[in-house]
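Each remark here refers to the structure printed beneath this line.
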Amino acid sequence: MAERSFAKEVKKLKLGAGEEFTGEGILAITKALLQCGVGYVGGYQGAPISHLMDVLADSQEILAELGVHFEASASEATATAMLAASVHYPIRGAATFKSTVGTNVASDALANLASGGVTGGALIIVGEDYGEGSSIMQERSHAFAMKSQVWLLDPRPNLPSIVAAVEHGFELSEASNTPVMLQVRIRCCHVHGSFTAKDNVRPAMTVADALENPRRDTQRIVLPPASFLHEKEKISKRLPAAIDYIKRHQLNETFGGSGKVGIVMQGGMYNGVIRALQRLGLADVYGETEVPLHVLNVTYPLVEDDLVAFCADKDAVLIVEEGQPDYIEQALGSMLYKAGASVKLEGKGALPMAGEYSGDVMLSGIGAFMRKHGSDLLAPEIRAPTCRRRRSSMISPRRCRCARRASASAARNGRSSRPPNWPSRNWASTTSHPTSAAICSRSCRPSNWAPRRWAMASARLRLPPSIRRKPSGAPSPSSAMAASGTMA
């Protein structure tokens, strides 16, 4: 039974070229599949892509008009096995399921599909469920992509980027004869926005056409000695073809200025990074920033030339990568070592777990990195910490008991009232700097403490008294941070 009905929304799937499509990410993915001439789609329910199956089920009339075969599969393995049609026929096919438990179930079929290679484009839409909001164990799809050598796309969470990723996913698959994974998260699936639609395309060959004229290529069957030839082909032909396509079409993006510190991130982490930069006063509400950003919309394979060129003139680079192992950081470190670059590379140590929901962790990690390597870009109010215990720059001296005690003690002893780790200028004038949910320690918490959110580092929001006071029974800041944060 469907989780919800999309009977009204699926009418938007009929929009033609030049019309504006508005809606959420799930609908955009479906529309992109139809625009790309997909021939068949299979999948298995599971968050965060459950609604994609609901959309497809509610759009049977449109799929029938285009000759698209849709099947609700019995498992992830069955859905992936469907893509074998693209091994022998030039048909574009897609499968969708939740990762990583779903990818594990599909691992056998995925390995066979990746070994033999594909003729038509094969797209696997995986719902990445990593982060403290996940309902499963904490693992990533990245390992499966590297294990089977399928290319992994991780688009920025906005509708134009998602649609472009679907289009390039099919083309990249056909250019390199390799299946492609499209990784989407909960916020990516349900983000709202708009993009300029294109006409839906009927597949050049449908599943019905293939059944009427069956054929097969025995060299694509994964049995020795062909299986070893497949492995050779992955390295000698498919990987170079994929990297060439990624470079020619500039699938990875670079934003920001030309400073001496930069940030390399997964595409899915882009919105979180921009939000953290906004809270630090380093980006505006439109995402414009002077901090150089390199966005990996393709997280596997990595394009060595682009990454080395981005890091070449930098003193330090931060890697924003969710979870562990730190695959991207390890790969980039190896690239820079071979290139002889002297850039300081930071990642897991500064930002151990950049989960989808870890806004405060992202803020503290990027803030610490910028204070260490790019303090000239920060406002004076946040260049140095205010608390000797936690050394957090996100707390105003007037709200920090450590600072008040240091000031009172210094006054009694006839010394300067400036805390020992505060800049030499008049530190009391910085009390207008906004606070955040990060509190230096339990003893520093005022009796009426409550987390506050700030649009920009220079703007202070006023909260009503009912929100300002912590409700009874609420967890302390330290325990709440331990429960919600992912920094280890």
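Residues take their numbers from the sequence shown, with the count starting at 1. All figures in this text were calculated on a predicted structure; none of them were measured in a lab.
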Please walk me through it: do L280 and I366 pass side chain to side chain contact (heavy atoms under 4.5 Å, CB included)? CA-CA 9 Å; L280 289 168; I366 294 177; 3.9 Å; yes
So, [X] and [Y], do they make that salt bridge, N to O below 4.0 Å?
| X | Y | value |
| --- | --- | --- |
| R185 | D154 | yes |
| D326 | K348 | no |
| K198 | E167 | yes |
| K372 | E346 | yes |
| E231 | R238 | no |
| D306 | K247 | no |

Ring geometry between Y300 and W151 (parallel below 30°, tilted from 30 to 60°, perpendicular above 60°): tilted
Please work out whether the ring planes of Y270 and F255 are parallel, tilted or perpendicular, with thresholds of 30° and 60°. tilted
Of E321, Q324, E128, the one forming a side-chain hydrogen bond (donor to acceptor under 3.5 Å, both in side chains) with R140 is E321
If every non-hydrogen atom of [X] is compared with every non-hydrogen atom of [Y], which pair is closest and at what distance?
| X | Y | answer |
| --- | --- | --- |
| A94 | L33 | CB-CD2, 4.0 Å |
| N297 | L251 | ND2-O, 2.8 Å |
| A111 | S148 | CA-OG, 4.0 Å |
| F144 | T103 | CG-CG2, 3.5 Å |
| P301 | I243 | CG-CG1, 4.1 Å |
| G39 | I91 | CA-CG2, 3.9 Å |

Can you find a heavy atom in the side chain of [X] that is under 4.5 Å from one in the side chain of [Y]?
| X | Y | result |
| --- | --- | --- |
| V320 | Q266 | no |
| M362 | V273 | yes |
| L345 | L332 | yes |
| L307 | H294 | yes |
| D209 | M205 | yes |
| I263 | K314 | no |
| V166 | C36 | yes |
| D54 | Q45 | yes |

Using 0.5 Å steps for rounding, measure from the [atom1] atom of [X] to the [atom2] atom of [Y].
| X | Y | atom1 | atom2 | result |
| --- | --- | --- | --- | --- |
| L66 | T206 | CG | OG1 | 11.5 Å |
| L318 | H373 | CG | NE2 | 8.5 Å |
| L302 | N252 | CG | CG | 8.0 Å |
| K12 | T30 | NZ | OG1 | 12.5 Å |
| K260 | L377 | NZ | CG | 12.5 Å |
| L239 | D244 | CG | CG | 11.0 Å |

Is there a donor-acceptor contact under 3.5 Å from the side chain of [X] to the main chain of [Y]?
| X | Y | answer |
| --- | --- | --- |
| T119 | V87 | yes |
| T178 | S176 | yes |
| K31 | L15 | yes |
| S73 | G42 | no |
| S50 | G46 | yes |
| E76 | F97 | no |
| E65 | I62 | no |
| S59 | V55 | yes |
| D129 | P48 | no |
| N112 | D108 | yes |

Say whether [X] and [Y], considering side chains only, have a donor N or O and an acceptor N or O under 3.5 Å apart.
| X | Y | answer |
| --- | --- | --- |
| E24 | H190 | yes |
| E20 | S194 | yes |
| E71 | Y40 | no |
| E139 | N104 | no |

Side chain to side chain contact (heavy atoms under 4.5 Å, CB included) between M265 and V295, intermediate numbers included: CA-CA 5 Å; M265 75 203 73; V295 183; 4.3 Å; yes
Hey, mind stepping through L336 and C311 against side chain to side chain contact (heavy atoms under 4.5 Å, CB included) and telling me if it holds? CA-CA 8 Å; L336 296 176; C311 298; 3.7 Å; yes
Heavy-atom count check: over 12 atoms from other residues, nucleotides or ligands less than 6.0 Å from [X] [atom1]?
| X | atom1 | value |
| --- | --- | --- |
| E290 | CD | no |
| Q330 | CD | yes |
| K147 | NZ | yes |

Tell me whether the NZ or CZ atom of K232 lies within the 45° cone about the ring axis of F228 and under 6.0 Å from its centre. no
For the pair V68 and V38, evaluate side chain to side chain contact (heavy atoms under 4.5 Å, CB included) and give the outcome as yes or no after the intermediate values. CA-CA 7 Å; V68 179; V38 69; 4.2 Å; yes
